[in-house]
Amino acid sequence: MRPDLLLGIIAGVLVVCLIVASLRIIKEYERGVAFRLGRLRAPLEPGVRVVFPGLDKLIRVDLRVVTLTIPPQEVITRDNVPARVNAVVLFKVIDPVSSVMEVENHAVATSQIAQTTLRSVVGRADLDTLLAHRADLNEDLAASIAAQTLPWGVKVEVVEIKDVEIPEQMQRAMAREAEAERERRAKVISARGELQASAELRDAARTLSESPASLQLRYLQTLLELGADQNSTVVFPIPMDIVGPFLEAARTRANGSGDAARAGSYHSAEVSSHDR
């Protein structure tokens, strides 16, 4: 084989190898940030792109949403209650160039900022707010973290507090407080029920007093209800309008007897005074 033909074949193979080594495939959810001899190039869009080995350096940036779990943080609330709080942060890169040029590692930086902000925001809230108003704290966390990560080309989508751990003694105290609150509500509801029942009974008595026939019907209904029970006790209610005249007559006789006794004693006293 002639030397020039051999050199041509070797050169062709080297060119093919160089072309193959220069080809890069960027996926649809990625963007490429390339540097040529240390200088920034335009972002590389998805598809087949040429990156020369030794001249260019390619950094792939993922544009998908990243789930970042914040490890449990030891915090002290505003009312001096120790707690362990962990959260989850969802973020994505919206500016590939800024995520490479402005920060060394945007994922690590976002994690550190999220941990610091979580301790700061939770430390400004009391325990009741932390337990009952997590939505407001989540919004404050998202706004605070987003304000610091946006210059890096990172957009924070969601920040959610997952779990709050408090000391066991505090849990027991909260359980006692909840039980006392339930008992207070039960007593208030019972008192309101008694008040409403007394008002209804007053109205019923007023209605029955206006119609004696309805009172008699109620009396007969009571007798029917008592007769339905199979027991040996018989309760026979007597209306006051029947017993009233007898009580009045007895009271009158008692008053007459008392007046006669007082008159007799007065007469005896006069006779004894005359004998003297």
Is any side-chain heavy atom of [X] closer than 4.5 Å to a side-chain heavy atom of [Y]?
X	Y	result
Arg31	Arg60	no
Pro82	Pro167	yes
Thr67	Val88	yes
Leu68	Leu90	no
Pro43	Val97	yes
Ile94	Val154	no
Val93	Val61	yes
Ile161	Leu130	yes

Please report the shortest heavy-atom distance between [X] and [Y], naming the atom on each side.
X	Y	result
Gln148	Pro151	O-CD, 3.6 Å
Val33	Pro96	CG2-O, 3.8 Å
Ile59	Phe35	CD1-CE1, 4.0 Å
Ala109	Trp152	CB-CZ3, 3.4 Å
Lys92	Val65	CB-CA, 4.0 Å
Val50	Asp56	O-OD2, 4.4 Å

Cluster overlap [X] with [Y], hydrophobic side-chain contacts below 4.5 Å:
X	Y	answer
Leu23	Leu58	no
Val75	Leu131	yes
Val103	Val66	yes
Tyr29	Leu44	no
Val48	Ile26	no

Does [X], at its [atom1] atom, have more than 12 non-hydrogen atoms belonging to other residues, nucleotides or ligands within less than 6.0 Å?
X	atom1	result
Lys162	NZ	yes
Arg39	CZ	no
Ile76	CD1	no
Leu201	CG	yes

In Å, rounded to the nearest 0.5 Å, how long is the span from [atom1] of [X] to [atom2] of [Y]?
X	Y	atom1	atom2	answer
Glu157	Phe91	CD	CZ	11.0 Å
Leu137	Glu160	CG	CD	11.0 Å
Leu195	Glu200	CG	CD	10.5 Å
Arg36	Lys57	CZ	NZ	15.5 Å
Leu118	Leu141	CG	CG	5.5 Å
Leu150	Ile145	CG	CD1	13.0 Å

Can you tell me if [X] uses its side chain to pair, donor with acceptor, with the backbone of [Y] under 3.5 Å?
X	Y	result
Thr117	Ile113	yes
Ser190	Ala186	no
Asn86	Asp163	yes
Ser111	Ala107	no
Thr129	His133	no

Please report the C-alpha distance between Ile166 and Val164 in whole Å, then the side-chain angles of each, then the deciding distance to 0.1 Å, and finally whether the side-chain contact (heavy atoms from CB on, under 4.5 Å) criterion is met. CA-CA 7 Å; Ile166 58 178; Val164 178; 4.2 Å; yes
List the steps and the verdict of side-chain contact (heavy atoms from CB on, under 4.5 Å) for Gln73 and Gln115. CA-CA 7 Å; Gln73 302 294 311; Gln115 294 178 31; 3.6 Å; yes
Looking only at the side chains, is there a donor atom on one of Arg202 and Ser198 sitting less than 3.5 Å from an acceptor on the other?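 No, no side-chain donor-acceptor contact under 3.5 Å.
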Under the salt bridge (Lys or Arg N to Asp or Glu O under 4.0 Å) test, which residues partner Arg78, sequence neighbours left out?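 Result, salt bridge (Lys or Arg N to Asp or Glu O under 4.0 Å) vs Arg78: Asp126.
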Is the shortest side-chain N to carboxylate O distance from Glu181 to Arg184 below 4.0 Å?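 Salt bridge: yes.
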Pair Lys187 + Glu183: basic N to acidic O under 4.0 Å: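 Not counted as a salt bridge, because no side-chain N and carboxylate O are separated by less than 4.0 Å.
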